[in-house]
Amino acid sequence: MLEIQNIHKSFGETTVLSGVDLQIGKGDVVVVLGPSGSGKTTLLRCINFLEKADKGEAIFGDIQVDLHQASKKQIQAIRKRTAFVFQNYNLFNNKTVLENVTEGLIIGRKIPKEKAIEIAKNALNKVELEDKYTAYPAELSGGQQQRVGIARAVALSPDIILFDEPTSALDPELVGEVLEVMKTIAKEGTTMLVVTHEMSFAKDVANKVVFMDGGVVVEEGPPKEFFENPKEERTRKFLRRVLPDDFIYHI
Amino acid sequence: MPNGLDIPFLIDTFFVALTGVPIAMLITIVSLLIALPLGFLLALTRINRMPILNQFSRVYVSFVRGTPVIVQIFIIYNSVPLLLGTIFEKYNINMNVYEVNPIWYAFIVFSLNTIATLIEVFRSAINTVSKGQLEAAHSVGLTTAQAFIRIIIPQTLVVALPNICNATVNLIKATSLGYAMSLPEITLKAQVAANASYNYIEAYIAIFIIYLLICSLVEYAFKRYEKRLRKYQIAPAA
């Protein structure tokens with residue numbers, strides 16, 4: 001459903017992505033792992049044109065775009081099929097929780113207001129925030145804000161939701177509630193591309209794990225194989241560092 | 001009356017000077033209406049480092065800030081008629097440039113001045129709105145223009161409002177310099193009244209009170225408005 005080919009990106013002298021390919025099928029939950037600075041976030045941002053790639057192509061169902069030279073119209077078309085969940089939530093500070101979700105529906109998707117409110121309420125109920133419709137982001141905890149961020153993405157019913165380290169900015173005790181919500185929407189068949197450091201999420205929810213290092217994909221595969229039987233030395237090194245020993249070797 | 005203030009004269013002058021308030025407010029409002037959008041757009045050229053416009057804004061701000069308003073008034077008031085005169089002559093427009101209502105010069109001077117102030121006000125205010133707000137707006141399918149109108153500008157305004165209030169109050173006070181262009185605003189009216197009877201102190205006290213009243217009212221109005229806009233900035237519950 002989504003195919004990324006040969007994506008390159010540098011910031012000045014620093015090369016961040018040097019030829020990444022990625023295939024995601026409908027309903028897939030793909031988790032991207034890797035040390036910081038490996039280009040995971042940049043990859044995600046290039047797919048949604050928050051960053052302009054230097055080179056590369058995306059095939060998105062029936063649309064094929066050059067990631068470097070996409071027209072405004074193409075960018076808008078891709079953005080209409082994707083949704084983004086940010087590390088820092090990036091909720092609209094001047095809008096209520098409900099308005100945060102309806103904004104993209106009414107203004108971006110031109111859905112009539114009443115219908116949009118209905119969709120938004122459904123999405124917010126799914127992330128268990130039915131009592132927060134009229135609250136402003138400043139009144140919410142980080143976990144609640146991120147759940148609004150997820151509801152905002154889900155409400156758009158995009159073909160794929162891109163998650164950029166959705167739990168990295170959260171207090172440890174709030175990580176669980178957000179992962180729980182992500183698990184729920186994954187089970188509903190939502191296609192997801194997730195950059196995260198949460199190994200348990202990768203192991204339990206993903207059906208494909210992609211390991212990136214130094215701007216390239218080092219290894220990819222089903223989580224069971226990836227965690228229990230990594231093929232590349234770089235992967236093993238990474239897993240040794242981020243996982244407790246028994247996690248890798250248990251049967 | 002050599003001893004004490006001539007209170008009846010003071011009261012009379014107060015009401016005479018009050019008739020200058022509409023002109024002062026007209027200048028203030030027109031200048032703000034011109035300066036707010038232009039100041040905002042030029043602030044954007046500074047932030048996005050747009051070539052040419054960025055340098056232009058920077059030089060412009062330092063020119064306006066580095067010269068007294070009264071000098072700017074003298075220059076505009078004396079040079080624009082000359083310029084217009086030449087243009088009118090060239091295109092055979094039959095119009096006496098010295099009959100142009102001085103309020104037009106006031107609009108020019110005070111707009112140019114306020115634009116410079118507001119460029120700096122908006123520049124710092126826009127920078128306080130995180131880039132993530134624009135990215136999030138893009139990610140849900142808003143165009144850049146929609147994102148600015150619905151998300152960025154409302155948040156910028158809240159931050160900028162105290163400084164916009166400041167600029168407005170300064171502008172109202174600066175309109176008193178309009179007397180140098182024979183504008184029948186508050187100060188000139190009082191001056192004329194005082195010239196007839198030499199009761200300068202009374203006249204100045206009268207307009208002192210008028211400016212104080214107007215500025216206090218404007219400040220109050222801004223505070224109310226700011227409070228309304230700020231409703232989303234509530235201390236975190238948790």
Side-chain angles (χ1 to χ4, degrees), chain A residues 44-45 47-51 72-73 75-97 99-111 132 134-145 148-149 152-153 155-156 158 161-162 164 171 174, chain B residues 36 40 43-44 47-51 121-122 124-165 222-238:
Chain A
L44 227 58
R45 291 171 61 85
I47 295 175
N48 210 27
F49 295 95
L50 294 176
E51 219 70 74
K72 271 196 177 150
K73 226 172 154 184
I75 292 176
Q76 209 62 3
I78 296 273
R79 281 180 177 157
K80 285 215 162 117
R81 295 192 175 195
T82 59
F84 207 98
V85 175
F86 296 86
Q87 183 175 356
N88 304 316
Y89 338 128
N90 285 343
L91 299 184
F92 306 129
N93 292 325
N94 58 329
K95 303 270 175 196
T96 63
V97 165
E99 287 165 348
N100 259 279
V101 183
T102 56
E103 190 69 18
L105 296 169
I106 298 172
I107 309 299
R109 301 281 203 274
K110 309 266 184 293
I111 293 172
K132 296 288 183 191
T134 56
Y136 284 97
E139 296 172 274
L140 303 179
S141 72
Q144 290 170 330
Q145 289 194 51
V148 177
R152 178 168 72 179
L156 297 167
I161 303 181
L162 310 167
D164 179 19
D171 291 338
L174 301 177
Chain B
L36 280 168
F40 186 83
L44 282 181
I47 288 172
N48 296 326
R49 298 185 192 285
M50 279 156 76
V121 168
F122 282 126
S124 53
I126 295 169
N127 275 331
T128 65
V129 179
S130 94
K131 210 170 161 248
Q133 297 283 311
L134 180 61
E135 291 183 347
H138 279 155
S139 81
V140 298
L142 268 60
T143 62
T144 305
Q146 287 168 336
F148 265 89
I149 291 167
R150 306 186 55 87
I151 311 291
I152 314 282
I153 293 179
Q155 293 182 47
T156 306
L157 216 52
V158 172
V159 180
L161 217 53
N163 284 324
I164 295 176
C165 172
F222 267 98
K223 284 244 166 64
R224 286 284 300 264
Y225 187 48
E226 191 188 332
K227 210 168 163 187
R228 234 183 64 197
L229 284 186
R230 246 182 220 288
K231 63 175 194 279
Y232 65 82
Q233 289 180 331
I234 310 149

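In the text below, chain A, chain B and the rest are named by the order of the sequence lines, each starting its count at 1. What you see is a predicted model; the values in this text were computed from it and never measured. Only heavy atoms go into these numbers, but all of them, side chains included; no hydrogens, no water, no symmetry mates.
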[X] [atom1] to [Y] [atom2] distance, which is reported to the nearest 0.5 Å:
| X | Y | atom1 | atom2 | value |
| --- | --- | --- | --- | --- |
| B:Gln233 | A:Asn93 | CD | CG | 8.0 Å |
| B:Glu135 | A:Asn90 | CD | CG | 6.5 Å |
| B:Ile149 | A:Ile107 | CD1 | CD1 | 10.0 Å |
| A:Leu156 | B:Ser139 | CG | OG | 7.5 Å |

Beyond-backbone contact of [X] with [Y], side-chain heavy atoms, under 4.5 angstrom:
| X | Y | value |
| --- | --- | --- |
| B:Tyr232 | A:Pro137 | no |
| A:Phe92 | B:Ile152 | no |
| A:Lys95 | B:Ile151 | yes |

I'd like to know if the side chain of [X] reaches the main chain of [Y], judged simply by a donor and an acceptor atom lying under 3.5 Å from each other, with no hydrogens or angles considered.
| X | Y | result |
| --- | --- | --- |
| A:Asn94 | B:Ile153 | no |
| B:Gln133 | A:Leu91 | yes |
| A:Gln76 | B:Gly141 | yes |

Quiz prompt | B:Phe148, CZ atom: more than 12 neighbouring heavy atoms under 6.0 Å | solution =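 Enclosed: over 12 neighbouring heavy atoms sit under 6.0 Å from CZ of B:Phe148.
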Quiz item: Do you know which of A:Glu103, A:Lys80, A:Arg109 has the most heavy-atom pairs under 4.5 Å to chain B?
Solution: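 So the answer, after comparing A:Glu103, A:Lys80, A:Arg109, is A:Glu103.
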Self-check item: Partner chain B: residue of A:Phe86, A:Tyr89, A:Phe84 with the largest heavy-atom pair count (under 4.5 Å)
Solution: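 Looking at each option in turn, the highest pair count goes to A:Phe86.
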